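Shown below is the structure under consideration.
Numbered from 1 within each chain, the chains take letters A, B, ... in sequence-line order. Keep in mind it's a predicted model, so treat the numbers as computed, not measured.
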Amino acid sequence: MYGNAYVDPENKIVNSITANEDPIKLAEFESRIAAGDKIEPMDWMPAEYKKQLVRMIEQHAHSEIIGALPEGTWITRAPGFRRKLALMAKVQDEIGHGQLLYSAAETLGKSREAMTNDLITGKSKYSNVFNYPAKTWADSAVIAWLIDAGAIVNQLANSKGSYGPYCRALDRICAEESFHLKYGHDNVVFLATGTPVQRAMVQDALNRWWEPIMHFFGPPDKESIHSATLMRWKVKMGSNDDMRNMFLDMYVPKIWDLGLTLPDENLHKNEETGRWEYTEPNWEVFKQVINGNGPCNKERLAVRRKAEENGRWVRKALAKPSEKYVTPLS
Amino acid sequence: MNIVSIDPRVNRSQIDENTQEGIANPLEHFQTYEVFEQKKRGAHHIHVGSVHAPSAEMAVIFAKEQYSRRGQCVNLWVVKTADVFATEYEDSDIFDTISDKTYREPEAYKVIDRINAFKERQKAN
């Protein structure tokens, strides 16, 4: 599960990112991408291409791992064994996605240990949405349906990108996400078509999650740093607003169809432009949360640190000091 | 102060909110193995990605979880990444067929013209 990669607004990507690159190699690289070919780990690539991809794939991997935490909260208290089994399978999938993505990021030369350390020290980001608590069972249903739906919008776009290992990982991931989406939809529909108490519970969860869901796709295009170069290199595959619009187009009708409401009076589709119009969510809150001040940031990282620490004795027992690390091939 | 969570498991773990634990040392997550999956008998084993593992046996277990959890698979191979010797993409031209080797291609053998000419001659006689 993953939103658009967050770029720190202080960290300006300047247009001179290709200034120090060999022009002949750069031209070859760009024409390969323009022709729809994939770039592979051993290919020549501009330093900025590598840097942005590592950052993006790593953020994506961290999001899968941390994203399992709010949902995992409900495994022990899932209503009934079937839902418990399904939620366990979903959480296991998310962890598996994290593993696939870490492997893809490693092909660019950053070690697994370095990525883990950057996550737990707060140096690397993950999707902001996972810094919120899943307060009720209905929250876990809304996450599984709508956050996963948002993630699929992004991941399908990114799977058409230019970096081979990332695209291959995403193809596998998207196949599994379709079960998550169905499972989440099933849970929301069950509550929304149930008793008045169940309906109220899912409506409450939806009200609470709407702002984080709108945040999920990242700041509006006019505020986010936009690099034509990253688009040309097929690192970034769509603008934040386009992704958000695509999501609204696919899911708002389905939400309304259940007789549920969304906490934004201005939300409607402009039939002339074909775009959705809405009240901008509070982006100041988004910045606060992504910079560590959300309701669960501390808990997520502390839990992750503890898990790493608790597993250390097993890794130590299995370690072979004579082995050497080699960057994975593909 | 310990983390206070809505998740009872987190509360039971009594985690200090300022814990500095968990920093991984280099190579703590082991070396990598490349994974090859065979979808059905008779098919080729195809490379699907890599896993971190302390041994080949563990690599197979992780590979099964990460690459064959869904869908068909009848067989898995794992190979230490360090043991793979690969060509460079820059040298891809070594695979290009050069013109003086057309004798290795089926298209280089055009017998039908000769056969037809032969038949014409037979008829004429």
Problem set entry | Most chain B-contacting option - heavy-atom pairs closer than 4.5 Å, from A:N117, A:N310, A:T76, A:L100 |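 The answer is A:N117.
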Exercise. So which of B:M58, B:E17, B:R70, B:H47 has the largest heavy-atom pair count under 4.5 angstrom toward chain A?
Worked result: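 So the answer, after comparing B:M58, B:E17, B:R70, B:H47, is B:R70.
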Exercise. Does any heavy atom of chain B fall under 4.5 Å from the side chain of A:T107, the backbone, both, or neither of them?
Worked result: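 Neither the backbone nor the side chain of A:T107 comes within 4.5 Å of chain B.
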For this session: Take atom CD1 of B:I94 as the centre, draw a 6.0 Å sphere, and report whether it contains more than 12 heavy atoms from other residues, nucleotides or ligands.
Result: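 Correct, the count exceeds 12.
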Exercise. Of the non-hydrogen atoms in B:S50 and A:P328, which two are nearest, and what is the gap between them?
Worked result: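 Closest pair (atom of B:S50, atom of A:P328, distance): OG-CB, 3.5 Å.
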Problem set entry | Per-residue contact mode, A:F179 against chain B (heavy atom under 4.5 angstrom) |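 Contact with chain B involves the side chain of A:F179 alone.
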For this session: Considering non-hydrogen atoms only, spot the tightest contact between A:E308 and B:G22 and give its length.
Result: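 Taking every non-hydrogen atom into account, CG-O, 3.1 Å.
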Exercise. Do other residues, nucleotides or ligands put more than 12 heavy atoms under 6.0 Å from B:K64 NZ?
Worked result: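 Counting other residues, nucleotides and ligands, NZ of B:K64 stays at 12 neighbours or fewer.
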Exercise. For the candidates B:P26, B:P54, B:S13, which exhibits the highest count of non-hydrogen atom pairs separated by less than 4.5 Å from chain A?
Worked result: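 That would be B:P54.
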For this session: Would you mind telling me which of A:Q99, A:R315, A:R304 has the largest number of heavy-atom pairs within less than 4.5 Å of chain B?
Result: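 That would be A:R315.
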For this session: First locate atom OG1 of A:T116, then atom CD of B:E28, and finally report the distance between them rounded to the nearest 0.5 Å.
Result: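 If I round to the nearest 0.5 Å, the distance is 9.0 Å.
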For this session: Please check if atom CD in B:E105 has more than 12 non-hydrogen atoms from other residues, nucleotides or ligands closer than 6.0 Å.
Result: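 Yes, the 6.0 Å shell around CD holds more than 12 heavy atoms from other groups.
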Exercise. Distance from B:T81 atom OG1 to A:K324 atom NZ, nearest 0.5 Å?
Worked result: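 Spacing of OG1 (B:T81) from NZ (A:K324) equals 14.5 Å.
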For this session: Side chain from CB out, backbone as N, CA, C, O: work out which of these in A:R77 comes under 4.5 Å of a heavy atom of chain B, or both, or neither.
Result: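 For A:R77, side-chain heavy atoms alone lie under 4.5 Å from chain B.
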For this session: Could you check A:R300, A:K306, A:E299 and say which one makes a side-chain contact (heavy atoms from CB on, under 4.5 Å) with B:V10?
Result: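 Per the side-chain contact (heavy atoms from CB on, under 4.5 Å) rule, the option paired with B:V10 is A:E299, out of A:R300, A:K306, A:E299.
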Exercise. Looking only at heavy atoms, what is the nearest atom pair of B:R9 and A:T73, with distance?
Worked result: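 In terms of heavy atoms, the two residues are closest at NH2-N, 3.5 Å.
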For this session: Below 4.5 Å from any heavy atom of chain B, which atoms of A:E106 appear? Answer side chain, backbone, both or neither.
Result: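 Just the side chain, heavy atoms under 4.5 Å.
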Exercise. With chain A, which of B:E88, B:H52, B:E65, B:Q66 has the greatest number of heavy-atom pairs at distances under 4.5 Å?
Worked result: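 Of B:E88, B:H52, B:E65, B:Q66, B:H52 has the most heavy-atom pairs under 4.5 Å with chain A.
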For this session: Report the distance from atom CZ of A:R112 to atom OG1 of B:T32, rounding to the nearest 0.5 Å.
Result: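 Spacing of CZ (A:R112) from OG1 (B:T32) equals 9.0 Å.
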Exercise. How far does CZ of A:R305 sit from CD of B:E21, to the nearest 0.5 angstrom?
Worked result: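 These two atoms lie 8.5 Å from each other.
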Exercise. So which part of A:D93 gets closer than 4.5 Å to some heavy atom of chain B, the side chain, the backbone, both or neither?
Worked result: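 For A:D93, backbone and side chain are both near chain B.
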Problem set entry | Distance-minimising heavy-atom pair for B:Y67 and A:S103 |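 Scanning both residues completely, I find the closest heavy atoms to be OH-OG, 4.3 Å.
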Exercise. What residues of residues 32-47 of chain A sit under 4.5 Å from chain B when only non-hydrogen atoms are counted?
Worked result: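 Residues in range: A:E40, A:M42, A:D43.
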Exercise. What pair of heavy atoms forms the shortest contact from A:A134 to B:I6, and how long is it?
Worked result: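 That would be O-CD1, 3.0 Å.
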Problem set entry | Largest heavy-atom contact set with chain B, pairs under 4.5 Å, which of A:K320, A:K298, A:K316, A:R172 |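 Ranked by heavy-atom pairs under 4.5 Å with chain B, first place is A:R172.
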Exercise. Checking B:E34 against chain A: side chain, backbone, both or neither under 4.5 Å from a heavy atom?
Worked result: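 Just the side chain, heavy atoms under 4.5 Å.
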For this session: Let me see the working for A:V303 and B:I15 under side chain to side chain contact (heavy atoms under 4.5 Å, CB included), right down to the final yes or no.
Result: CA-CA 7 Å; A:V303 167; B:I15 309 169; 3.9 Å; yes
For this session: Please flag which part of B:S92 lies under 4.5 Å from any non-hydrogen atom of chain A: side chain, backbone, both or neither.
Result: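 Neither part.
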Problem set entry | Which portion of A:A169 sits near chain B, non-hydrogen atoms under 4.5 angstrom |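 The answer is neither part of A:A169.
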For this session: Measure the spacing between CD1 of B:I23 and OG1 of A:T121 and express it to the nearest 0.5 Å.
Result: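 It is 5.5 Å, given to the nearest 0.5 Å.
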Exercise. Between atom CG of B:N25 and atom CZ of A:R312, what is the distance when rounded to the nearest 0.5 Å?
Worked result: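 That separation rounds to 6.0 Å.
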Exercise. Where does A:I120 contact chain B at under 4.5 Å (heavy atoms): side chain, backbone, both or neither?
Worked result: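 Interface part for A:I120: side chain.
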For this session: Answer with side chain, backbone, both or neither: which region of B:A86 has an atom nearer than 4.5 Å to a non-hydrogen atom of chain A?
Result: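 It is the side chain, since no backbone atom gets that close.
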Exercise. Which atom pair, heavy atoms only, marks the closest approach of B:R69 to A:E176?
Worked result: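 Looks like NH2-OE1, 3.0 Å.
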Problem set entry | Backbone of A:V326 reached by a side-chain donor or acceptor of B:Q31 within 3.5 Å |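 It does not hold such a pair.
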